[in-house]
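For this chain, numbers begin at 1 and follow the sequence in order.
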Amino acid sequence: MTRRNLVLIGFMGTGKTTVGKLCARELDYTFCDSDAKIVRRVGKSIPEIFADEGEEAFRQYEREAIADLATQERLVVATGGGAVLDPVNAEVLRETGTVVLLTAAPFVVLRRVGDARTRPLIAFCADPKARVIALLRERRPLYERAAHFQVDTTYSSKGTVAAEIVERFLRGNEIGDESPF
Ligand code: S3P
């Protein structure tokens, strides 16, 4: 089965956007970031949406963005870190694309996220590290359930990760089932 899109899921700071752009260039696909699509549509930053309208409103925008992206093809989609916690989003993405989970150890996530104020889920919390570890533990099974395969980015360069993903994506589409994953 040829899946139309390549979809990157996983926690904040696992490299979905940077790796996604590299994969898109390699595949000659269009890169699309679901958060950026929401920001364009709503006209506010993600922290502003959380502050003004609340997380539930953000999740509704996210569902709409995911449903729209899934109607397209030849896309590399970088999803927000919470997108596939909604089983409908996970299902829609799996049906229309190859879903790849990017993982990273908590210390790397914290280093890459940098200024936590841009990430409402860990902004202003007394202990961002404990929050990251708790969220990762809670989300891991849901991420794994949504993914066709996963790649750890803790010690790999973004180029190495992108090359592995593109290779497995193309091989999977060629062979025609999920067995190589
Ligand atoms: C979120 C991750 C963010 C963004 C929002 C919620 C999450 O995206 O969608 O702040 O629930 O993990 P990134 O994973 O791109 O940081």
Side-chain angles (χ1 to χ4, degrees), residues 6-27 31-39 44-51 54-56 58-59 61-62 65-66 76-87 89-90 93-94 97-169 172 180-181:
L6 172 61
V7 181
L8 303 184
I9 66 167
F11 202 69
M12 308 168 222
T14 53
K16 291 164 293 183
T17 303
T18 34
V19 168
K21 285 181 180 164
L22 292 179
C23 292
R25 197 191 307 155
E26 192 64 32
L27 290 163
F31 174 76
C32 192
D33 183 301
S34 66
D35 280 349
K37 187 173 165 65
I38 295 167
V39 167
K44 295 178 190 173
S45 69
I46 303 289
E48 281 168 348
I49 297 173
F50 270 72
E55 180 171 351
E56 199 29 62
F58 170 77
R59 297 298 174 199
Y61 293 135
E62 189 170 55
I66 297 287
V76 175
V77 180
T79 57
V84 296
L85 306 180
D86 178 325
N89 288 343
L93 291 168
R94 274 182 71 89
T98 297
V99 181
V100 183
L101 169 61
L102 298 186
T103 62
F107 78 93
V108 172
V109 166
L110 284 158
R111 197 177 63 212
R112 290 186 190 152
V113 165
D115 181 0
R117 276 174 302 176
T118 61
R119 318 279 176 146
L121 283 188
I122 54 173
F124 312 115
C125 81
D127 188 348
K129 186 170 180 205
R131 176 92 172 122
V132 164
I133 290 170
L135 282 170
L136 277 171
R137 187 170 304 138
E138 186 183 307
R139 291 178 170 191
R140 180 119 201 156
L142 298 168
Y143 286 147
E144 289 187 343
R145 198 172 311 149
H148 291 106
F149 66 88
Q150 57 179 283
V151 180
D152 181 26
T153 70
T154 305
Y155 299 109
S156 303
S157 73
K158 50 188 191 255
T160 306
V161 173
E164 177 178 345
I165 292 170
V166 166
E167 206 261 317
R168 292 176 75 174
F169 174 69
F181 306 149

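- In this structure, CZ in Arg139 is found 11.0 Å from CD1 in Ile9, a value given to the nearest 0.5 Å.
- Heavy atoms only, all atoms of each residue included: Arg131 and Cys125 are closest at CB-SG, 3.8 Å.
- By the 4.5 Å heavy-atom criterion applied to side chains, Thr17 and Phe31 are counted as neighbours.
- Considering all non-hydrogen atoms of both residues, Leu101 and Ala147 come closest at CB-CB, 3.6 Å.
- Here the closest non-hydrogen pair linking Leu6 and Cys23 is CD2-CB, 3.9 Å.
- Remark: side-chain polar atoms of Thr14 are not paired, donor with acceptor, to backbone N or O of Ala104 under 3.5 angstrom.
- Residues Glu26 and Leu22 form no side-chain contact, since every pair of their non-hydrogen atoms from C-beta on lies 4.5 Å or further apart.
- Between the OG1 atom of Thr79 and the NZ atom of Lys37 there is a distance of 14.0 Å, given to the nearest 0.5 Å.
- Ring planes of Phe58 and Phe50: tilted class, angle from 30 to 60°.
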Walk me through it: do Arg112 and Thr153 pass the test side-chain hydrogen bond (donor to acceptor under 3.5 Å, both in side chains)?
CA-CA 11 Å; Arg112 290 186 190 152; Thr153 70; 3.0 Å; yes

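- Summarising the geometry, atom CG belonging to Asp86 is positioned 8.0 Å from atom CD belonging to Glu62; distances are rounded to the nearest 0.5 Å.
- In plain terms, the two heavy atoms of Pro120 and Ile46 that are nearest each other are CG-CG2, 4.1 Å.
- Minimum heavy-atom separation, Ala90 to Ala146: CB-CB, 3.9 Å.
- At least one donor-acceptor pair under 3.5 Å links the side chain of Thr154 to the backbone N or O of Ala105.
- Atoms CZ and CD1, on Arg59 and Ile49 in that order, are 11.0 Å from each other to the nearest 0.5 Å.
- Counting heavy-atom neighbours within 6.0 Å of Gln150 CD, excluding the residue itself, gives a total above 12.
- Taken to the nearest 0.5 Å, the CG atom of Leu110 stands 7.5 Å off from the CD1 atom of Ile133.
- Not a single donor-acceptor pair under 3.5 Å links the side chain of Arg94 to the backbone N or O of Val99.
- Side chain of Lys129 to main chain of Pro106: no donor-acceptor pair is present (N/O by atom type, distance under 3.5 Å, no hydrogens or angles).
- Both the sub-6.0 Å distance and the 45° axial angle are satisfied by Arg168 relative to the ring of Phe149.
- At least one donor-acceptor pair under 3.5 Å links the side chain of Tyr143 to the backbone N or O of Gly81.
- Partner of Val84 under the side chain to side chain contact (heavy atoms under 4.5 Å, CB included) criterion, chosen from Ile66, Leu142, Leu93: Leu93.
- The shortest side-chain heavy-atom distance between Val39 and Asp33 does not fall under the 4.5 Å cut-off.
- The line from CD1 of Ile38 to NZ of Lys44 is 13.0 Å long, rounded to the nearest 0.5 Å.
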Test side-chain contact (heavy atoms from CB on, under 4.5 Å) on Val132 and Phe11 and set out the steps.
CA-CA 9 Å; Val132 164; Phe11 202 69; 3.9 Å; yes

